[in-house]
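Values below: every heavy atom of this structure, side chains too, minus hydrogens, waters and symmetry copies. All of these numbers come straight from a predicted model, not from anything done at the bench.
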Amino acid sequence: ERRDGVCGCADGIYRMRSELENLPQPNWFWHGEAILNLLDAHRPMVCVELGTNRGCSAIATARVLQKWGGHLTCIDTWEMEPHGASISKAACVRNLQDAGVSNVTLVQSRIDVAALSWIGEIDYLYIDADHTFDTVTSDLESWWPHLKVGGLIAGDDYDDPADTRT
């Protein structure tokens, strides 16, 4: 259970990672601590986030990457499509600026289209766009060729209750 930046655990109360504090609300990056610990252990340099919305996970990730000079590219449609995110790209930019992270590039594009123009290998891929089985599968198929051997991959909300195949 999380309240005001404090995590309850079996061993008592401890502070959560500082990178997770003061994120835009609402914030759905519940597993963030585990992912940030993974990033600390592997220190990826070239990172891509698919589906950014208001930037909660992007801010926390960028804060960690700043420690060793890593860079995050966030790809989202924002307001491009009628079924797209409920937040504008401009609002995401403001959130990133307010958080003081500058090692982030925002790309407004469909995920599959952005994959076609991507050049180079990715050290870390985070999938958090459309959460249906077919779309997550498509995201994996589009971006897997760019993930370097030994690279990291993580995702969020892959359990769409409307899709019984997940």
Side-chain angles (χ1 to χ4, degrees), residues 1-79 84-109 111 114-115 118 120-131 136 139-140 143-144 146-148 150-160:
E1 180 179 349
R2 295 177 189 251
R3 290 192 183 106
D4 299 325
V6 177
C7 297
C9 66
D11 296 337
I13 302 294
Y14 64 94
R15 290 290 288 164
M16 82 163 89
R17 294 182 61 120
S18 62
E19 296 92 352
L20 294 169
E21 295 178 355
N22 303 314
L23 295 177
Q25 297 298 321
N27 170 12
W28 300 279
F29 197 46
W30 305 116
H31 54 281
E33 193 155 357
I35 288 178
L36 299 184
N37 289 341
L38 185 66
L39 295 176
D40 267 336
H42 293 271
R43 296 181 169 261
M45 295 297 291
V46 179
C47 307
V48 172
E49 176 176 287
L50 307 179
T52 300
N53 195 276
R54 68 187 72 249
C56 297
S57 54
I59 290 167
T61 299
R63 286 172 176 166
V64 170
L65 296 176
Q66 284 177 332
K67 295 177 187 176
W68 55 84
H71 185 84
L72 178 64
T73 300
C74 299
I75 301 165
D76 199 308
T77 58
W78 286 285
E79 64 274 358
S86 60
I87 191 168
S88 69
K89 181 180 178 185
C92 182
V93 168
R94 280 191 303 278
N95 288 338
L96 293 168
Q97 289 171 340
D98 290 348
V101 293
S102 59
N103 57 333
V104 178
T105 300
L106 299 181
V107 176
Q108 188 170 12
S109 173
I111 304 255
W118 185 268
E121 290 186 320
I122 298 169
D123 299 314
Y124 169 65
L125 176 64
Y126 182 67
I127 300 176
D128 187 21
D130 187 316
H131 304 146
V136 170
D139 292 347
L140 283 167
W143 286 89
W144 185 267
H146 301 293
L147 190 66
K148 78 175 197 178
L152 302 173
I153 188 168
D156 185 19
D157 298 331
Y158 49 84
D159 58 346
D160 184 352

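The line from CE of Met45 to CG of Asp123 is 8.0 Å long, rounded to the nearest 0.5 Å. Note that the OH atom of Tyr126 and the CD1 atom of Ile35 stand 4.5 Å from one another [nearest 0.5 Å]. Here the straight-line distance linking atom CD of Glu49 with atom CD1 of Ile111 works out to 9.5 Å at 0.5 Å rounding. Rounded to the nearest 0.5 angstrom, Asp139 CG and Leu50 CG are separated by 5.5 Å. Put simply, CZ on Arg43 and CG on Leu38 are 13.0 Å apart, with the number rounded to the nearest 0.5 Å. Atom-to-atom distance recorded for Cys92:SG and Gln97:CD is 10.0 Å, nearest 0.5 angstrom.
Counting heavy atoms from C-beta outward, Trp78 and Thr52 have side chains that approach closer than 4.5 Å. Counting heavy atoms from C-beta outward, Lys67 and Asp40 have side chains that approach closer than 4.5 Å. Using a 4.5 Å heavy-atom threshold, the side chains of Asn53 and Asp128 count as separate.
Checked against side chain to side chain contact (heavy atoms under 4.5 Å, CB included), Trp118 has the following partners two or more places apart in sequence or in another chain: Val46, Val48, Thr73, Ile122, Trp143, His146. For Ala90, the side chain to side chain contact (heavy atoms under 4.5 Å, CB included) partners are Ser88, Arg94, not counting sequence neighbours.
Residue-environment remark: CH2 (Trp68) exceeds the threshold of 12 foreign heavy atoms within 6.0 Å.
Side-chain atoms of Glu121 do not come within 3.5 Å of backbone N or O of Leu147 as any donor-acceptor pair. With hydrogens and angles disregarded, no donor-acceptor distance shorter than 3.5 Å links the side chain of Asn103 to the backbone of Gly69.
Checked options Val64, Leu72, Leu65, Thr61; the residue passing with Pro44 is Leu65 (criterion: side-chain contact (heavy atoms from CB on, under 4.5 Å)). The only member of Leu96, Asp76, Ile59, Asn95 that meets side-chain contact (heavy atoms from CB on, under 4.5 Å) when paired with Arg54 is Asn95.
The heavy-atom pair separating Gln108 from Lys89 by the smallest distance is OE1-CD, 3.6 Å. Between Ala60 and Leu36, the shortest heavy-atom distance links the atoms O-CD2, 3.8 Å.
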